[in-house]
Amino acid sequence: MTDPSSGTDYLQQTTRFEPAAVEARWMKRWLDEHLFHAEPDPDRPAYSIVIPPPNITGVLHMGHALNDTVQDVLTRYHRMLGENACWLVGTDHAGIATQNVVEKMLRKEGLTKEDLGREEFVARVWEWRREYGGTIIEQLKRLGSSCDYERERFTFDEGYVRAVTRVFVALYDKGYIHKDSYLVNWCPRCGTAISDLEVAYRDMPGTLNHIRYEIAGGGSVTIATTRPETMLGDTAVAVHPDDERYTAVVGKTAVLPLLGRELRIVADERVDPSFGTGALKITPAHDLTDFDIGRTHGLETVQAIGQDGRITAAGGPYAGLEVEEAAARVTADLRALGALVKVEDYPHSVATCDRCGTPIEPLISEQWFMDMDELKKPATDVVRDGTVTFTPERWGRVYIDWMDNLRPWCISRQLWWGHQLPVWYCPDGHLTVAETEPQACATCGSTELTRETDVLDTWFSSALWPFATFGWPEQTADLAYFYPTNVLSTGRDIIFLWVARMIMMGLEFMDEIPFDDVYIHSVIQAPDGRRMSKSLGTGIDPLDVIDEHGADATRFGLLLMSSTQDVRFSDEKIAMGRGFANKLWNAARFVLLGTQGYAAERSDVAEVDRWITSRFQRCLAAVEEAVAVYDFTAAVDALYHFVWDEFCDWYVELIKVPLYGEDEAKKAQVAGHARWMLDQIVRLLHPFMPFVTEEIAEQYGAAPLLRQQHPRRDEEQLAADDEKAIGELQAAVDALRRFRAEAEIPPGKVLAAVFAGDAAAAERYEHHAGVFRAMARTTLAFAGEPETDATVVVVPGGRLFVAAAIDKAEEIARLEQQLARAQAEVERGEAKLGNEKFVGRAPEAVVTKEREKLASHVAERDGLAARLAQLRGG
RNA sequence: GGGCGAUUAGCUCAGGGGUAGAGCACCUGCCUUACAAGCAGGGAGUCGCUGGUUCAAAUCCAGCAUCGCCCACCA
């Protein structure tokens, strides 16, 4: 890249990392050079992820942003490990959602879909999709998502339709799909049946109405209902067989008030005798329990509520009323009759349409169902036996529990936008199910065929995503190479709707699981702990966050929020990411500008070089272990602390001494290593913060990092001795700094100190004399008597006597405090080691550690006591 | 009704049998030639409550409380 990042002017002047321009430039380059695209390559292992396809009506929200960051980290990470990584991207045609959006648009033009007719309407939806359907894909790019955009798929594209049709026909031929007249969840507003999973229960206030039904031949029975209007569809009354209050009336006939319909009184165990009056009105056409009881007892069904949500002709005088109005009228009329015995407040949960919020009307209609019994067993087994793993694990148990209780899936929708069922009817009502339009009825040969108008549930097609996107039903090279995918990352809200069904379909049609791992990410709530939602006004637009802080910062912050539990959105974490990107950028500026002309080369000559290399290896190990178990917070945390606390705060400061020094050979060695180290860091960090790392790598000619390798784990680069040595150096500098702060010694004042202690420590400190000068503003001497008014600073391996300008009385008080603290530690340690049970039963390492601690506290105490005695005496 | 999760510093959250951690916020001092979006230092918590196991519990177990989520044919 030449502009504007060529030469050192750019580095010199850019003291802050400015994401906006950098991001756009890099995304363009990655795309122009096809760096995200993968083709099957037998020489490399495949790593594949399919994105949960967002709805074409969707815009990027915080959940996507987190999920896509996770997938991008994994994709970039594995790509740099040398795997052939393909992150497959695409969109979902989203039946109801999309149809609703286009209908709303038509309404603004004063049109309904009926005005246009089906064909024209569907054409309008395609048009809408061409114009707006790609929005979310463009938004993905803002985040830096390295999807294989050249493979973009759509759940309604040509090849996908073939896959859906093939699956439907195959399942029909196997007898898993059938048509039935059954009680389904009907949304009167959307005008379609929906599946159980698309029903949301919401707590609402309501009333429990006790209604008296007279019994033919004398007596009465009182039932209780929350929906009085459904009595218009009653065909029976049921009581529990063991309920002694009602044994006498079972078998008799009750009379439905208002309509006069005769109702059988039946006994059924599904009635709860403790609820209400113990007598249950039976409306087989509008309640699932009633429907089942009706089937058992051969009861008539009366449809009192129509698909438009209004009372039908069966409701006599109430016909044509909306249910709410009907409820009011029925209640009033019952009251007038004296049949309404009691009305009590009764809050209960109401079934509503998950998509539009309208109360669901259970009613009987002709629908297509998929029987899950055969499909669910293998799909449950693979999770039970660990072939497919869930992270966090608990979602696997949730999945299994749900699978164990599966009921048939209602897959037909009375919509216009979607995969039309490949089913044709002849005038005699025979069915012909075929992949391509048949010429004649398979049963009677009639050529007058009409196609089923229903379309499939959107989730039917989504279930095929992991294999249909790689070319199935064709046996393509892509499919052979990239399937099964490695991991599916998604939110927990679609475990049942989508994940479960992909596993079932993958096993059925590919005879293989669709993915090895399922990673369920956290739900990001609004900062106040409420749901992020547009209607509540609690949503935060990730694009705004990117605009404000940059994509790297947004990714970093989101990864910090990728917990195993729900978390609140935290602006501070994003700001932390921004600060980190800036810190990294500035560290890179320092290294690159301060070592110009030197070539990157790892060195193990200097202790400090071996130390930072070793610390890097530990960070690398931590990152690899964290990513392997999808613990992105731990990965990012390890990177942050290594880069900031160790690389920037210590390494960079430590190498300033040789770098600004006169020893040219030493300087060359340190400079080379610093450049090498920076390159290692940037490679390790790239999957997490792709933009800033590319921008840095560009400055020394290593870009694009997308083509580079991940740093290599190497046990031989670990250096425990050097870590210990530098650790002690850090502790000594810290002690001096603490002393300076406590004694309020001005930063500019240079202190002189005499070291007394063991020889090894003396040698080490002498070697790092420059470090003490630079980082603690203290010059060290290793011989001679300390002055009598010197202050003692305890450091590893001995004591520093600092010629200090502080009050003797204050110094005595300070030492007394330190002594008291040391004494307390000694006593604690002695008590612990004097405890036979502790010494006898605690692990040896714990006891040893305790002994070492005690010894060091004893030494510290004795040193302080001696010093105190000297001060008091002098 | 069943299940799951959470309860740790002022805030947001990690951790997890062996002397309590991070970021932000706060206090003090510094524009020290990579970075003031910075540097150095500091204060701050009976780890929700009650029991139990253990030499040792924030951590494991049981119960309780509060909050949240999911499932359910709560007439």
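Per chain, numbering begins at 1; letters A, B, ... match sequence-line order. Any value given below was found using the heavy atoms of this structure, including those in side chains, with hydrogens, waters and symmetry copies removed.
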Say you pick atom P in B:G5 and the same atom in B:A14; how far apart are they, in whole Å?
-> 14 Å
A:R589 side chain near B:C35 phosphate (N/O to OP1/OP2, under 4.0 Å) = no
Provide the distance between the two C1' atoms, one in B:G43 and one in B:C26, to the nearest whole Å.
-> 9 Å
In whole Å, what separates the C1' atom of B:C13 from that of B:A58?
-> 15 Å
For A:D292, report the nucleic acid contact type (base, sugar-phosphate, nothing); a contact means any heavy atom under 4.0 Å.
-> nothing
Would you classify A:H549 as touching base, sugar-phosphate or nothing, given that sugar-phosphate means primed atoms plus P, OP1 and OP2, and contacts are heavy atoms under 4.0 Å?
-> nothing
Atom NE2 of A:H348 and atom P of B:C74: how far apart are they, to the nearest Å?
-> 11 Å
Hunt down the Watson-Crick or G-U wobble partner of B:A72, both distances under 3.5 Å, from any strand shown, or write none.
-> none
Thinking salt bridges, do A:D528 and A:R568 make one under a 4.0 Å N-O criterion?
-> no
Check whether any side-chain N or O of A:K573 sits under 4.0 Å from OP1 or OP2 of B:A22, and answer yes or no.
-> no
Give a yes/no answer on whether the side chain of A:R16 brings an N or O atom under 4.0 Å of OP1 or OP2 in B:C35.
-> no
From B:G5, B:U12, B:G23, nucleotide with atom closest to A:R394 side chain | B:G5
Just wondering, are more than 12 heavy atoms of other shown residues or ligands nearer than 6.0 Å to CZ in A:R737?
-> yes
Under 4.0 Å between any heavy atoms, over every strand shown, what does A:Y201 touch: base, sugar-phosphate, or nothing? Just pick one.
-> sugar-phosphate
C1' atom, B:U66 versus B:G48: distance in rounded Å?
-> 8 Å
Looking across every strand, which nucleic acid part, if any, lies under 4.0 Å from A:K853 by heavy atom: base, sugar-phosphate, or nothing?
-> base
Compare all side-chain heavy atoms of A:T779 with those of A:F772 and state whether any distance is below 4.5 angstrom.
-> no
Do A:E653 and B:A34 share a donor-acceptor pair, side chain to base, under 3.5 Å?
-> yes
A:E548 CD to B:A37 C1': how many Å, rounded?
-> 12 Å
Using only side-chain N and O atoms of A:K832, determine if any of them is under 4.0 Å from OP1 or OP2 of B:U19.
-> no
Spacing of the P atoms in B:G17 and B:A6 (rounded, Å) | 14 Å
Length of the line joining A:L560:CG and B:G15:C1', which is rounded to integer Å | 15 Å
When we call it a touch if two heavy atoms are under 4.0 Å apart, what does A:Y660 touch: a base, just sugar-phosphate, or nothing?
-> sugar-phosphate
For atom CZ of A:R578 and atom C1' of B:A36, their distance in whole Å = 13 Å
Against the side chain of A:T226, the closest entry in B:A75, B:C13, B:C35 is B:A75
Of the candidate nucleotides B:C73, B:C35, B:C74, which contains the atom at the shortest distance from the side chain of A:F275?
-> B:C74
A:I745 CD1 to B:C30 P, in whole Å, measures 15 Å
If you look at every strand shown and take non-hydrogen atoms under 4.0 Å, does A:V271 touch a base, only sugar-phosphate, or nothing?
-> base
Could you check whether A:V591 gets within reach of a base, just the sugar-phosphate, or nothing at all, counting any heavy atom under 4.0 Å?
-> nothing
Closest to the side chain of A:A587, out of B:U12, B:A34, B:C73, is B:A34
Tell me what A:A575 touches on the nucleic acid: a base, only sugar-phosphate, or nothing, going by heavy atoms under 4.0 Å.
-> nothing
Name the closest nucleotide to the A:P747 side chain, picking from B:G29, B:U12, B:C35.
-> B:G29
Look through every strand shown and name the nucleotide pairing with B:C67 as Watson-Crick or G-U wobble, where both distances are under 3.5 Å.
-> B:G5
Of the nucleotides B:A22, B:C74, B:A34, which one has an atom closest to the side chain of A:H641?
-> B:A22
On a whole-Å scale, what distance lies between the C1' atoms belonging to B:G45 and B:A20?
-> 8 Å
Please check the phosphate of B:A14 (OP1 and OP2 only) for any side-chain N or O of A:Q565 closer than 4.0 Å.
-> yes
Would you say A:W644 reaches B:C39's phosphate, i.e. side-chain N/O to OP1/OP2 under 4.0 Å?
-> yes
At under 4.0 Å, does any side-chain N or O of A:S563 touch on OP1 or OP2 of B:A14?
-> yes
How would you label the contact of A:P843 with the nucleic acid (heavy atoms, under 4.0 Å): base, sugar-phosphate, or nothing?
-> base
Could you tell me the separation between the CG atom of A:D528 and the P atom of B:C67, rounded to a whole number of Å?
-> 17 Å
Assigned partner base of B:A20, Watson-Crick or wobble definition, under 3.5 Å | none
Quote, to the nearest angstrom, the P distance that separates B:G18 from B:G2.
-> 35 Å
Against the side chain of A:T15, the closest entry in B:G18, B:C74, B:C35 is B:C35
Are any of the side-chain nitrogens in A:K656 or A:E653 under 4.0 Å away from the carboxylate oxygens of its partner?
-> yes
RNA chain B nearest-nucleotide lookup for A:K656 and A:D637: closer to the 5′ end is A:D637
Thinking salt bridges, do A:E361 and A:R227 make one under a 4.0 Å N-O criterion?
-> yes
Which whole-number value in Å describes the distance from A:K749 NZ to B:C30 C1'?
-> 17 Å
Could you tell me which nucleotide pairs with B:C60 by Watson-Crick or G-U wobble geometry, both distances under 3.5 Å, or answer none if nothing does?
-> B:G52
So what does A:T225 touch, heavy atoms closer than 4.0 Å: a base, only the sugar-phosphate, or nothing?
-> sugar-phosphate
State which of B:A34, B:G42, B:G18 makes the closest approach to the side chain of A:A842.
-> B:G18
Any chance the side chains of A:Q823 and A:H857 put a donor and an acceptor closer than 3.5 Å?
-> no
Mind checking A:D566 for me? I need base, sugar-phosphate or nothing, with any heavy atom below 4.0 Å counting as a touch.
-> nothing
Look through every strand shown and name the nucleotide pairing with B:A44 as Watson-Crick or G-U wobble, where both distances are under 3.5 Å.
-> none
Start at the 5' end of RNA chain B and walk down; is the nucleotide closest to A:V398 or to A:E850 reached first?
-> A:E850
Between P of B:C70 and CZ of A:R202, the distance in whole Å = 12 Å
How are the rings of A:Y651 and A:F647 set to each other: parallel, tilted or perpendicular (split at 30° and 60°)?
-> parallel
In Å, rounded to the nearest 0.5 Å, how long is the span from OG1 of A:T235 to NZ of A:K281?
-> 9.5 Å
Name the closest nucleotide to the A:F496 side chain, picking from B:U12, B:C73, B:C71.
-> B:C71
Answer with base, sugar-phosphate or nothing: what part of the nucleic acid does A:R492 contact at a heavy-atom distance below 4.0 Å?
-> sugar-phosphate
Sticking with atom P, work out how far B:C74 lies from B:U12, rounded to a whole angstrom.
-> 36 Å
Of the nucleotides B:G18, B:C73, B:A14, which has the atom closest to the A:V567 side chain?
-> B:A14
Work out which heavy atom in A:T538 is nearest to a heavy atom in A:S533; give both atom names and the distance.
-> OG1-N, 2.8 Å
A:R492 with A:D566: basic N within carboxylate O range, under 4.0 Å | yes
